[in-house]
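Have a look at the structure below, then the notes.
This chain uses plain numbering: 1 for the first residue, then up along the sequence. Indexing begins at 1, ligand by ligand and atom by atom, following the structure's order. For clarity, every value in this text was computed on a predicted model and none was experimentally measured.
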Amino acid sequence: MVQSITETERLNRIKNEEEIVWINPQLEKVEKANQKSTYSLEDVQDVEDRFHRFAAYFEVAFPETKQYKGLLESEITKLNNMHDWLEDQYDMKLPGDFYIKRDDLLPISGTIKSRGAIYEVLKYAETLALEHGMLKNIHESYEKFASEEFRIFFSEFNLMVGTTGNLGISVGAMGRALGFQVTVHVSVDAKQWKKEYLRSRGVEVVEHVTNFSKAVELGRAASEADPKSYFVDDEYSEELFLGYTVGGLRMKRQLEEENIKVDADHPLFVYLPCGIGGSPSGITFGLKHAFGDNVHCIFAEPTKMPSMLIGLDTELYDGISVEDIGLGGLTVADGLAVPRTSALVAKIMRNCFSGSYTLKDDTFKALLTNLYQQEEIFLEPAAVAGLPGPFKLMGSEEGQAYLKEHNLVDKLEHATHIAWGTGGSMVPDADKEAFILEGMGKSIDKA
Ligand SMILES: *Cc1c(COP(=O)(O)O)cnc(C)c1O
């Protein structure tokens with residue numbers, strides 16, 4: 001089954017859980033990739049329009065969204081100390097500027113999932129409200145969604161989801177705020193505090209002793225058996241993917257506001273933590289529409305669960321699981337603990353993203369602790385995966401070949417690197433402290 005990983009040496013390194021860099025041979029120019037895509041800028045615009053319709057609701061129900069006029073958005077922060085620390089660790093100079101995108105601060109769920117999951121819940125809520133005459137048309141004020149009348153209406157319906165934790169938190173928090181019943185099927189990876197948080201919000205948590213793929217399967221079956229239930233499906237959901245895309249598209253405006261130039265002489269590199277692939281792929285899709293071939297998107301996965309990497313490298317997509325090559329143990333990066341990628345997103349992404357790299361658990365731990373010490377930014381383990389991206393790209397033969405092939409070597413002085421920080425602000429203090437302590441004795445892998 002895996003013979004199609006042509007370079008067996010790479011396969012051996014993947015099986016040995018070594019950190020590797022992989023460049024996507026199927027990357028194409030944006031224009032060509034877009035022609036092949038099922039989705040277009042119109043789909044992204046449709047998402048943007050729907051989020052704008054709900055802005056009036058968010059400003060009332062979640063006043064913390066007022067600073068972004070009711071949109072779920074996050075800032076970017078320049079990394080200085082962490083930049084120096086990483087240079088030191090990797091023994092390498094990093095030309096250009098280095099930022100972190102703060103999706104750990106997104107309202108409602110404190111993770112990147114706020115974008116996709118919440119979008120899917122909103123779209124479902126809007127559809128129900130229109131179908132049942134609660135909303136006459138889409139031009140009415142959506143402030144109504146915060147009313148008791150709407151909450152009573154939605155309490156007749158059930159949302160279900162299978163998750164390692166964060167998708168459940170996003171669907172749970174949004175769903176409950178609107179009044180839905182919510183059932184969350186969690187895999188063995190789910191952290192205790194995530195389960196407790198959900199239960200405290202009145203979410204029904206069904207615990208499985210199985211991995212993520214299996215938890216999704218069980219959740220899907222339970223939902224299908226209930227006619228008033230809607231399943232948010234991380235493996236196949238178009239809405240989830242599309243919800244994430246605006247995060248990428250909106251970077252155009254955000255970087256302009258920060259006076260950060262992106263053009264042929266000022267390349268942009270974005271490093272995105274990847275689990276099933278929905279969030280990095282959606283963001284990449286939006287970024288490509290915003291910046292075309294001048295943006296280079298690179299995904300990061302745990303060495304224990306490189307599901308997108310092996311799905312694309314073998315071109316088997318969701319036809320291969322990390323278990324098929326002897327991997328799949330628990331990883332500290334619980335948000336990325338996905339054994340099998342999503343075929344929907346992997347097939348869209350194959351012509352869009354530049355490549356990926358993997359990180360060992362100790363690297364995640366060391367990054368988490370040092371980011372906190374250097375910048376006073378706490379991210380959850382999965383969320384730090386983008387930080388070593390520039391060093392992985394420049395410090396590897398594979399990455400160097402990519403930079404040469406795309407004529408980027410002499411442009412690196414004017415490059416901008418953004419590590420997408422995907423979550424962390426909701427982690428309880430006791431867990432934060434435990435994570436910070438855990439990474440103290442750990443070092444990043446420099447091999
Ligand atoms: C889910 C998650 C990701 C990855 O998103 P996928 O859609 O699963 O690829 C990254 N970081 C955090 C914190 C997450 O919860």
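- For Tyr317, the side chain to side chain donor-acceptor pair (under 3.5 Å) criterion is met by Arg350, not counting sequence neighbours.
- Looking at ligand 1, you won't find any N or O of Ile112 less than 3.5 Å from one of its N or O atoms.
- Applying the 4.0 Å criterion to heavy atoms of Cys274 picks out, from ligand 1, the atoms 9 (O).
- Nearest to atom 2 (C) of ligand 1 among the protein's heavy atoms is Lys113 NZ, 2.4 Å.
- In summary, Asp431 and Lys191 do not engage in a salt bridge, as defined by a charged side-chain N under 4.0 Å from a carboxylate O.
- Of the N or O atoms in Glu380, none lie within a sub-3.5 Å distance of an N or O in ligand 1.
- Under a 4.0 Å N-O distance rule, the pair Arg253/Glu73 does not qualify as a salt bridge.
- In this structure, Tyr142 and Phe145 have tilted ring planes: the angle between them lies in the 30° to 60° band.
- Looking at ligand 1, you won't find any N or O of Thr111 less than 3.5 Å from one of its N or O atoms.
- Below 4.0 Å from some heavy atom of Thr422 lie the following atoms of ligand 1, by number and element: 10 (C), 11 (N), 12 (C), 13 (C).
- Legend: salt bridge (charged side-chain N to carboxylate O under 4.0 Å, His left out) pairs involving residues 289-305, not counting sequence neighbours, sorted by first then second residue: Glu17-Lys304.
- Considering backbone and side-chain N/O atoms, Gly423 never comes within less than 3.5 Å of an N/O atom of ligand 1.
- Between Gly278 and ligand 1, at least one pair of N/O atoms sits closer than 3.5 Å.
- Of all atoms in ligand 1, numbered sequentially from 1 with element shown, those under 4.0 Å from a heavy atom of Asn166 are 13 (C), 14 (C), 15 (O).
- Only the side chain of Leu336 comes within 4.0 Å of ligand 1, judged by heavy-atom distances.
- In this pair, Phe157 and Phe180 present their aromatic rings perpendicular. The plane angle is above 60°, beyond the 30 to 60° band.
- Between Phe285 and His289, the ring-plane angle classifies as perpendicular under the 30° and 60° cut-offs.
- For Phe241 and Tyr39, the distance between ring centers is under 6.0 angstrom.
- Protein heavy atom nearest atom 5 (O) of ligand 1, with residue, atom name and distance: Ser279 OG, 2.7 Å.
- For Asp234, no nitrogen or oxygen atom sits less than 3.5 Å from a nitrogen or oxygen atom of ligand 1, counting backbone and side chain alike.
- Between Arg115 and Glu48, none of the side-chain N atoms (NZ, or NE/NH1/NH2) sits under 4.0 Å from a carboxylate O, so this pair counts as no salt bridge.
- Protein heavy atom in closest approach to atom 8 (O) of ligand 1: Ile276 N, 3.0 Å.
- Checked by distance only, ligand 1 and Gly275 come closer than 3.5 Å through their nitrogen or oxygen atoms.
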